[in-house]
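Proteins come first, then strands; the chains are lettered A, B, ... in the order of their sequence lines, and each starts at number 1. Hydrogens, waters and symmetry mates are skipped; everything else that's a heavy atom, side chains included, is used.
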Amino acid sequence: MAKILITSALPYINGVKHLGNLAGSMLPADVYARAMRLMGHDVLYICATDEHGTPAELAAQAAGMKVAEYCEKMHIAQKGAGAQFKLSYDYFGRSSAPSNHALTQHFAHVLEENGLIEERVSQQVYSNADGRFLPDRYVEGTCPNCGFEKARGDQCDNCGKLLDPVDLIDPYSAVSGSKDVEVRDTNHLYLKQSALSDDLRKWVNAAQGWPPLASSIALKWLDEGLRDRSITRDLSWGIPVTDKDGSVREGFEGKVFYVWFDAPIEYIAATQDWAAETDADWESWWLTDKGADDVQYVQFMGKDNVAFHTLSFPTTIIGQNPKKMGEPWKLVDQLKAFNWVTWYGGKFSTSEKRGVFMDQALDIAPSDYWRWHLIANAPESSDTAFTWEEFQASVNSDLANVLGNFVNRITKYCVGKFEGKVPEGGEDGEAEAWLIKELQTRLPQLVSHYEAREFRKAMAETRAIWAAGNEYLTQAAPWTHYKTDVDQAAVGVRAGLNLVALFGIIAQPIIPDAAEKILDAMNIPPANRTWNFGKHDDIAKLINALPIGHAINAPDVLFTKIEDPDIELWTERFGGGQ
RNA sequence: GGUGAGGUAGCUCAGCUGGUUAGAGCGCAGGACUCAUAAUCCUGAGGUCGUGAGUUCAAGUCUCACUCUCACUACCA
């Protein structure tokens with residue numbers, strides 16, 4: 001049994017997340033967490049809302065709410081959406097929690113003591129009308145390069161040129177449209193990532209089990225030369241910059257830590273909150289001298305998050321203990337990065353409301369449908385296109401036809417011909433030998449795909465195991481034998497029912513609702529729903545695991561199919577398709 | 001512009017350190033079966049592996065050039 005700490009990138013607070021966010025971090029983390037729990041590991045799965053930053057302030061303003069109220073409301077909404085998608089967080093926290101304030105400030109103090117923080121002055125656009133500093137992207141104006149009138153301060157969307165806001169002709173606030181903007185000096189704290197560049201490179205090079213996407217992005221930044229990153233912003237909503245006595249640091253009134261500095265720290269702070277609520281110990285998960293050296297820490301994220309998780313946050317962590325005499329915090333061991341799910345050629349977009357969002361998704365189909373489709377087609381090696389047709393195909397074919405129909409056909413037959421009880425009689429023969437061999441090959445492969453976090457492969461293997469059940473029934477054909485040899489028919493029904501239980505067990509990480517229905521119908525006690533297939537010889541016993549005479553029920557249709565008119569309706573509603 | 005990832009059957013994707021007739025699922029065609037949500041099982045058709053050169057006995061797999069798509073580019077997160 002291993003201790004496995006799992007975090008998925010914190011969803012930002014400014015709206016219910018779309019399917020791309022779900023598919024790229026929260027869902028795979030959940031599937032992995034569930035699988036590892038079933039295999040008997042000690043799992044802690046932590047997530048939280050990421051609540052600070054300019055977009056949160058502006059979204060609250062647009063909603064006519066105070067930012068704290070807005071975040072509270074959206075936190076509840078996101079927590080609810082996660083629960084409906086059956087995301088099995090051990091704790092879903094908030095980056096605005098007091099624990100994160102304290103820990104973020106503590107980390108900053110230690111970093112400064114260790115010479116890794118420096119105060120510098122930079123120039124930033126200030127909007128008098130809005131009464132606030134504006135991030136580069138919230139300043140718009142005419143592009144000096146191509147004359148485009150709505151160029152953003154960081155980059156021109158028309159010609160693609162990278163810009164500095166001061167380059168813009170006739171700059172104005174993208175928030176209010178006011179042209180009353182000016183450049184002001186402002187002082188900020190900088191995290192000296194460059195000082196730890198060599199340590200980071202060593203650590204990245206030594207890392208095992210990262211996909212190429214993750215290590216290549218990290219190395220790219222290191223190769224270009226790490227720049228020091230400012231970790232404070234001119235904002236009111238966030239974690240105040242304090243001195244050690246808790247008072248606001250001089251010159252940092254009206255400033256807070258940058259959201260990307262405090263967000264990953266929330267992984268730890270949320271664990272503290274979890275421990276406080278459950279009377280558990282958080283230190284054994286995060287401090288290597290308190291037991292965390294045995295923890296396997298796995299992070300899930302989209303590719304846009306990789307730099308922060310491989311460089312900035314590790315700088316914060318390593319910077320706590322640069323000479324091995326400070327607090328030894330846990331660094332990530334394995335990191336799983338995903339590409340994007342794309343929506344009819346473009347990206348999903350929260351701000352442009354393009355695509356399908358978690359709450360809408362559940363209006364039109366059960367969470368299991370989405371979970372299966374999104375994880376079976378996870379964007380592991382490249383961006384993956386979402387289409388309604390693919391969604392329909394994978395749900396109907398994989399869930400309804402292959403799995404659902406298998407459960408249905410054998411349980412109904414058992415109820416019809418064998419009184420709904422696991423029948424005795426007959427002896428295993430060729431078909432059963434084929435089936436056992438199939439399971440002996442495929443189950444270990446399934447486990448290793450999960451352990452390697454190869455989700456597409458794990459799903460393909462799961463499907464192949466379900467399909468093998470149908471193939472077995474064709475070979476065993478109990479309905480044919482029943483006419484002449486009831487005992488022979490009993491063999492097929494018995495093995496088939498055992499397969500139903502097995503299929504339900506391996507479905508649990510992916511489609512928890514349907515899996516529960518299957519296992520309930522089979523009257524499998526909770527203790528027997530774990531994932532201990534054992535070795536070769538134990539697997540051979542799986543098709544005779546249920547006791548003779550064990551009563552089962554035929555569940556209702558597990559998966560209603562998605563019909564063509566549904567697709568037409570959804571296409572119209574969500575604007576997908578041509 | 002720079003950097004990275006990717007371009008493999010109609011669609012979504014596997015193909016590790018180069019090695020017999022390039023694979024899977026869906027879709028399509030034909031057949032089988034009838035227990036089941038007209039489900040399932042079997043068989044088959046279908047690809048000059050983005051383009052052009054090169055290295056090699058041998059390249060989807062290595063090198064170079066070109067081309068297309070996407071991402072990142074540090075103050076959106």
Exercise. Using a cut-off of 4.0 Å between protein heavy atoms and nucleotide atoms, how would you tag nucleotides 4-12 of chain B 5' to 3' with B, S and -?
Worked result: SS-----BS
Exercise. Rounded to the nearest Å, what distance is computed from the NZ atom of residue K17(A) to the P atom of nucleotide C76(B)?
Worked result: 16 Å
Exercise. C35(B), C42(B), A39(B): which one has an atom nearest the side-chain heavy atoms of Y413(A)?
Worked result: C35(B)
Seminar exercise, completed: The answer to which of L473(A) and P135(A) contacts RNA chain B further toward the 5' end, by nearest nucleotide, is L473(A)
For this session: When you get a sec, tell me which of C72(B), C75(B), A77(B) is the closest nucleotide to the side chain of W340(A)?
Result: C72(B)
For this session: Answer with yes or no after comparing the ring centroid distance for F391(A) and W370(A) against a 6.0 Å cut-off, counting only values under it.
Result: yes
For this session: Would you classify N396(A) as touching base, sugar-phosphate or nothing, given that sugar-phosphate means primed atoms plus P, OP1 and OP2, and contacts are heavy atoms under 4.0 Å?
Result: nothing
Exercise. Taking 4.0 angstrom as the limit, do R463(A) and E461(A) come out as a salt bridge?
Worked result: no
For this session: Identify whether the distance between the nearest side-chain nitrogen and carboxylate oxygen of K561(A) and E563(A) falls below 4.0 Å.
Result: no
For this session: Please measure how far the P atom in A9(B) lies from the corresponding atom in A71(B), and state the result in whole Å.
Result: 22 Å
Exercise. Under 4.0 Å: is that the gap between some side-chain N or O of Y258(A) and OP1 or OP2 of A77(B)?
Worked result: yes
For this session: Quick one: label R152(A) by what it contacts on the DNA or RNA (base, sugar-phosphate, nothing), any heavy atom closer than 4.0 Å.
Result: nothing
Problem set entry | D154(A) and R137(A) ion-paired at < 4.0 Å | yes
Exercise. Can you list the steps and then say if N305(A) with Q299(A) is a side-chain hydrogen bond (donor to acceptor under 3.5 Å, both in side chains)?
Worked result: CA-CA 11 Å; N305(A) 277 320; Q299(A) 292 177 342; over 6 Å; no
Seminar exercise, completed: Of the candidates U34(B), C76(B), U40(B), the side chain of N405(A) sits closest to U40(B)
Problem set entry | Whole-Å gap separating C1' (G27(B)) and CD (Q392(A)) | 12 Å
Seminar exercise, completed: Picking from A74(B), U37(B), U34(B), the nucleotide nearest the side-chain atoms of F559(A) would be U37(B)
For this session: Starting from the C-alpha separation in whole Å, work towards a yes-or-no answer on side-chain hydrogen bond (donor to acceptor under 3.5 Å, both in side chains) for T49(A) and H75(A).
Result: CA-CA 6 Å; T49(A) 37; H75(A) 171 79; 2.8 Å; yes
Problem set entry | Per T474(A) side chain, nearest of listed nucleotides C26(B), U37(B), C41(B) | C41(B)
Problem set entry | Candidates G25(B), C41(B), U37(B) - which lies nearest the side chain of L558(A) | U37(B)
For this session: Please evaluate the base of C75(B) for a donor-acceptor partner in the side chain of Q124(A) within a cut-off of under 3.5 Å?
Result: yes
Exercise. If only atom types and distance count, is the side chain of E51(A) paired as donor or acceptor with the main-chain N or O of S95(A) below 3.5 Å?
Worked result: no
Exercise. What is the nucleic acid contact for F308(A), judged by heavy atoms within less than 4.0 Å: base, sugar-phosphate only, or nothing?
Worked result: base
Exercise. What integer number of Å spans the C1' atoms of C13(B) and C57(B)?
Worked result: 33 Å
For this session: Measure from the side-chain heavy atoms of R227(A) and tell me the nearest of G25(B), A74(B), C72(B).
Result: A74(B)
Exercise. Which part of the nucleic acid does A400(A) contact within heavy-atom distance under 4.0 Å: base, sugar-phosphate only, or nothing?
Worked result: base
For this session: When you get a sec, tell me which of U40(B), C41(B), A77(B) is the closest nucleotide to the side chain of N401(A)?
Result: U40(B)
Problem set entry | Distance in angstrom units between K517(A) NZ and U37(B) P, rounded | 16 Å
Problem set entry | Test: D228(A) and R120(A) ion pair at under 4.0 Å | yes
Exercise. Could you state the CG-C1' distance from D398(A) to C26(B), rounded to the nearest angstrom?
Worked result: 8 Å
Problem set entry | G30(B) and A39(B), which share atom name P, separated by this distance in whole Å | 16 Å
For this session: With heavy atoms under 4.0 Å as the rule, sort V259(A) into base, sugar-phosphate or nothing.
Result: sugar-phosphate
Problem set entry | P-based separation of U48(B) from C41(B) [nearest Å] | 30 Å
Problem set entry | Residue pair Y267(A) / H309(A), side-chain donor-acceptor N/O under 3.5 Å | yes
Seminar exercise, completed: To the nearest angstrom, the CG-P distance between L399(A) and G25(B) comes to 17 Å
For this session: Determine the Euclidean distance between corresponding C1' atoms of G44(B) and G7(B); express it in Å to zero decimal places.
Result: 29 Å
Problem set entry | Base-pairing mate for U21(B) - Watson-Crick or G-U, with both contacts under 3.5 Å | none
Problem set entry | Sub-4.0 Å heavy-atom contacts from residues 228-237 of chain A onto RNA chain B, ordered by number | R229(A), S230(A), R233(A)
Exercise. Across the strands shown, which category fits K561(A) at heavy-atom distances under 4.0 angstrom: base, sugar-phosphate, nothing?
Worked result: base
Exercise. What integer distance in Å separates Y472(A):OH from C42(B):P?
Worked result: 16 Å
Problem set entry | Distance, nearest 0.5 Å, that separates CG of L200(A) from CD of Q193(A) | 7.5 Å
Exercise. Using atom P of each nucleotide, how far apart are U40(B) and G23(B) to the nearest Å?
Worked result: 25 Å
Exercise. Is the NZ or CZ atom of K336(A) positioned over F338(A)'s six-membered ring, under 6.0 angstrom from the centre and within 45° of the axis?
Worked result: yes
Problem set entry | G1(B): pairing nucleotide in any strand, Watson-Crick or G-U under 3.5 angstrom | U73(B)
Problem set entry | Distance test, side-chain N/O of N14(A) to OP1/OP2 of A77(B), below 4.0 Å | no
Exercise. Can W479(A) be called stacked on C35(B) when the rule is centres closer than 5.5 Å and an angle between planes below 30°?
Worked result: yes
Seminar exercise, completed: From CG of L374(A) across to P of C13(B) the rounded distance in Å is 13 Å
Problem set entry | Spacing of the C1' atoms in G60(B) and U56(B) (rounded, Å) | 16 Å
For this session: Indicate, with a heavy-atom threshold strictly under 4.0 Å, whether G492(A) touches base, sugar-phosphate, or nothing.
Result: nothing
Problem set entry | Salt-bridge present (E266(A), R94(A); N to O < 4.0 Å) | no
For this session: Indicate, with a heavy-atom threshold strictly under 4.0 Å, whether G404(A) touches base, sugar-phosphate, or nothing.
Result: base
Problem set entry | d(CD, Q193(A); P, C75(B)) in whole Å | 9 Å
Problem set entry | G19(B) to G25(B) separation - P atoms, rounded to the nearest Å | 23 Å
Problem set entry | Under 4.0 angstrom between R409(A) side-chain N/O and C35(B) OP1 or OP2 | no
Seminar exercise, completed: The nucleotide from C76(B), C41(B), U37(B) with an atom nearest the side chain of A467(A) is C41(B)
For this session: Compute the ring centroids of F455(A) and H449(A), then answer whether they are less than 6.0 Å apart.
Result: no
Problem set entry | Most 5' of E380(A) and N408(A) on RNA chain B, judged by nearest nucleotide | E380(A)
Problem set entry | With F406(A), the ring-ring contact (aromatic ring centres under 6.0 Å, His included) member among F503(A), Y472(A), Y413(A) | F503(A)
For this session: Verify the contact: side-chain N or O of K457(A) to OP1 or OP2 of A24(B), cut-off strictly under 4.0 Å; return yes or no.
Result: no
